[in-house]
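Remarks on the structure that follows.
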Protein chains: 4
Amino acid sequence: MEKLNRRERKKILAQQALTEAAIRLFSEKGFSQTSISDITNEADLATGTFYNYFQSKEDVIRYAISVKIEEAGEVLREIKNSDDSPSNKLFMISKSAGQLMNRNISLFKLLAHLPPMTSPPHGSEFKDILTSIIEEGWRRGDYKKDLPAPIICEAFMAMLQSAMMSRSIPFEENIKLKLTILLEGIST
Amino acid sequence: MEKLNRRERKKILAQQALTEAAIRLFSEKGFSQTSISDITNEADLATGTFYNYFQSKEDVIRYAISVKIEEAGEVLREIKNSDDSPSNKLFMISKSAGQLMNRNISLFKLLAHLPPMTSPPHGSEFKDILTSIIEEGWRRGDYKKDLPAPIICEAFMAMLQSAMMSRSIPFEENIKLKLTILLEGIST
Amino acid sequence: MEKLNRRERKKILAQQALTEAAIRLFSEKGFSQTSISDITNEADLATGTFYNYFQSKEDVIRYAISVKIEEAGEVLREIKNSDDSPSNKLFMISKSAGQLMNRNISLFKLLAHLPPMTSPPHGSEFKDILTSIIEEGWRRGDYKKDLPAPIICEAFMAMLQSAMMSRSIPFEENIKLKLTILLEGIST
Amino acid sequence: MEKLNRRERKKILAQQALTEAAIRLFSEKGFSQTSISDITNEADLATGTFYNYFQSKEDVIRYAISVKIEEAGEVLREIKNSDDSPSNKLFMISKSAGQLMNRNISLFKLLAHLPPMTSPPHGSEFKDILTSIIEEGWRRGDYKKDLPAPIICEAFMAMLQSAMMSRSIPFEENIKLKLTILLEGIST
DNA sequence: AATGAATGAGGTTTCATTCAT
DNA sequence: GATGAATGAAACCTCATTCAT
């Protein structure tokens, strides 16, 4: 058991090292400017080793994103199941989503290098959670009923993204103001 | 004064042909899957000719975008100087921006392949016009004064972009609903 | 007559401009790093114009050298026909050859880029003059007769070249010392 | 300690094959007429393999020369430390230098294709040995003391080079005559 | 599982040369 | 004669991938 574990741990370490090296280089030099041997150099491994873990450069992105998605899912579900009001839940989601994405902004930009339609392998879960929060708001009579849920979801995500990208006003203040507008616009 | 002799005309045609071929192929096969000789083949020119007009594939994107920005500027200024109400102006802007971007959606997606920070070489003019419309709304007492102009601009642009990207609800209906939320949120 | 002359003069100017530009660039950036359009740019002419005067880059070298050879020939013949002693003539030749070559050192290095055997299209004239001076020395009983003339010529030219290339001792002093050795070695 | 495993041995063989192929082709077809894939074809390796060992064609020249310099150093030091008279040592040096350079004449001509000033990365060691021989001659009272050592060194090297380049008289005879002149010129 | 030299397809890029103006 | 855009062959060079160790 001991021996196997050590091996497994080493294996995982190599994969982690490769992933981190790749993401670092992708965001520093750009995706296509980064070669596989750049990545293995940065990870202090041999070129061939890359192929023990990944099929291609794109594969690394997919793997890295899936890890992040996993993490994010946990947090989202926790917020959804809390006792807060829908509007408060939206605030909390925006906050932690902002944090997550800020930390991984360069990673998400890399999605452009994957074949289209692969992009949001998770978006739906996010949307599902948002939708269920909005429906909760409807049930409680908080929100106007003449706006379709997808529109509200999209508007929410747009505000979120816009706040993250803003260069003029810091995220915290920014998202607070934008959510104010949004909630004002959808509340009864 | 449009006295271009044949040679000059041919030059312009060649550059146009290259640009159009490039954008077409980029969106069909993807940016990095498109080689320079793919482009010249499509444009029915020799490989070397590409380098008479551009330094690199990225260069074509920059050029194509700058042409579109030019066009968009014209329309924006016209709307700004019309006699409509601020909110109507915002609707009109969203409409024609939507049209422009819809027509060039594949072009804008290519921005991801340019080094970061190069992205909005025009954003400021757009922002200036939006800001002046919002200020007009303030003067007329249409909009709440406790929201900073940049936030409103950003929110507007976010709605616009989100409506353009939406896959669930068509742009026209989509942007109408989102602007409704926005205007409701910022109006007195 | 006037019109023709002006044309002819312009023609020659263009050829001179091209030659000078070429030699300048060859010695600055190296022969193969210099393209024909580099040359025409430097000469402020169009690419195609080059082909009105030369067949190739190598051709420019040949032309430039032939011009210099022409010049040098004049000086050599003058010295040969003067009333000085053979040894003095050798000193004078070394002096003016040194000056000429110093001024055109970069040009002579370019000979390496011409197909071999083309190299000294003039060497023979130089050799002839040296030989006739040595024979004059023999007739006057100045020089030992057991050394073949070609050896003395070669030795003289070697000293000359070596003095020109020396980095440790300036040419004037250098060639004086070396010729002293040579004359000591060949004198009776 | 020459424990090279098969991989290492193959590496060295590959680099040798490339170097030899390159030098052979450079002198057969000329430097700029030889492409990198010519070289790898001749060495029976793949094009890309060239770049595992060299940065450029110029790089091969540098490498090849440095190898020869290494070899020459051995011989020179041996002669210097022998029991012969200074003048005999000079003869022996001229002889083996002539042999070395004759064998590698085409290699030395390639120096013209390297950026200037790179040329003699070794000259100094050669000079040092010559100087010590001349000083030995002075101590023994063989040579005149009014000629600076650098001048004698330069003159010796010039004679050597000139004898190697001569087309009219074969090297052996040629260098014997020229050294006679030189020694006559510098001896007491 | 790790290594890294060899591979060679396929991209990028240059540039001598032509030729219509 | 001068121009300079177009040409396309031919060079350069990179790099994903393999495979013997």
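Throughout, protein chains are lettered first and strands after them, A, B, ... in sequence-line order, and every chain is numbered starting at 1. Just so you know, these numbers come straight off a predicted model, no measurement behind them.
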Next item on the list: Quickly work out the B/K11 NZ to E/dT21 C1' distance and round it to whole Å.
Entry: 14 Å
Would you list the atom pairs, donor with acceptor, under 3.5 Å between side chains in residues 63-72 of chain B and any protein atom, with sequence neighbours excluded?
from  : atom 1 : to     : atom 2 : distance (Å)
B/S66 : OG     : B/Y63  : O      : 2.8
B/K68 : NZ     : B/N104 : OD1    : 3.4

Next item on the list: For B/R9 and E/dA20, give me the distance from atom CZ to atom C1', rounded to whole Å.
Entry: 14 Å
Note to self: Let's test your reading of the pairing rules: Watson-Crick or G-U wobble, both distances under 3.5 Å, then write DNA chain F as a dot-bracket string with ( ), [ ], | and dots.
What the structure shows: .||||||||||||||||||||
Margin query: Whole angstroms only, please: what is the CG-C1' distance between D/L45 and E/dT7?
Written below: 10 Å
Notebook entry, point to check: For B/K29, what residues pass the salt bridge (charged side-chain N to carboxylate O under 4.0 Å, His left out) criterion, not counting sequence neighbours?
Noted result: B/D38
Margin query: Rounded to whole Å, how long is the line connecting atom CG of D/N41 with atom P of F/dC12?
Written below: 12 Å
Next item on the list: List for me each residue that meets ring pair (Phe, Tyr, Trp, His ring centres under 6.0 Å) alongside D/Y53, sequence neighbours excluded, and say none if there are none.
Entry: none
Item checked: A/T19 and A/F54, any side-chain heavy atoms less than 4.5 Å apart -> yes
Margin query: Among residues at least two apart in sequence or on other chains, which ones pass side chain to side chain contact (heavy atoms under 4.5 Å, CB included) with B/T40?
Written below: B/L18, B/S37, B/T47, B/F50
Next item on the list: Applying side-chain hydrogen bond (donor to acceptor under 3.5 Å, both in side chains), name anything that partners B/E42, two or more places apart in sequence or on another chain.
Entry: B/R24
Next item on the list: Can you sort out which residues in residues 13-38 of chain B have a heavy atom within less than 4.0 Å of DNA chain E? Ascending by number, please.
Entry: B/S35, B/I36
Check: Can you list the residues that meet the side-chain hydrogen bond (donor to acceptor under 3.5 Å, both in side chains) rule with D/K11, with sequence neighbours excluded?
Finding: none
Checklist line | Within residues 47-55 of chain C, residues whose heavy atoms come under 4.0 Å of DNA chain E | finding: C/T47, C/Y51, C/Q55
Next item on the list: Round to a whole Å and report the spacing from CD1 of A/I39 to P of F/dT17.
Entry: 12 Å
Notebook entry, point to check: By side chain to side chain contact (heavy atoms under 4.5 Å, CB included), which residues pair with D/N41, not counting sequence neighbours?
Noted result: none
Note to self: Whole angstroms only, please: what is the CD-P distance between B/E8 and E/dT21?
What the structure shows: 14 Å
Checklist line | Length of the line joining A/K57:NZ and F/dC15:C1', which is rounded to integer Å | finding: 9 Å
Margin query: Quick one: does any side-chain atom of B/K57 pair with a main-chain N or O of B/F31 as donor and acceptor, under 3.5 Å?
Written below: yes
Next item on the list: Using side-chain hydrogen bond (donor to acceptor under 3.5 Å, both in side chains) as the criterion, list what pairs up with A/S32, not counting sequence neighbours.
Entry: none
Next item on the list: To the nearest Å, give me how far apart CZ (D/R7) and P (E/dA2) are.
Entry: 15 Å
Next item on the list: State which residues pass side chain to side chain contact (heavy atoms under 4.5 Å, CB included) with C/N52; sequence neighbours excluded, sorted by chain then number.
Entry: C/T49
Next item on the list: Between B/S56 and D/A46, just flag the one whose closest nucleotide in DNA chain E comes earlier from the 5' side.
Entry: D/A46
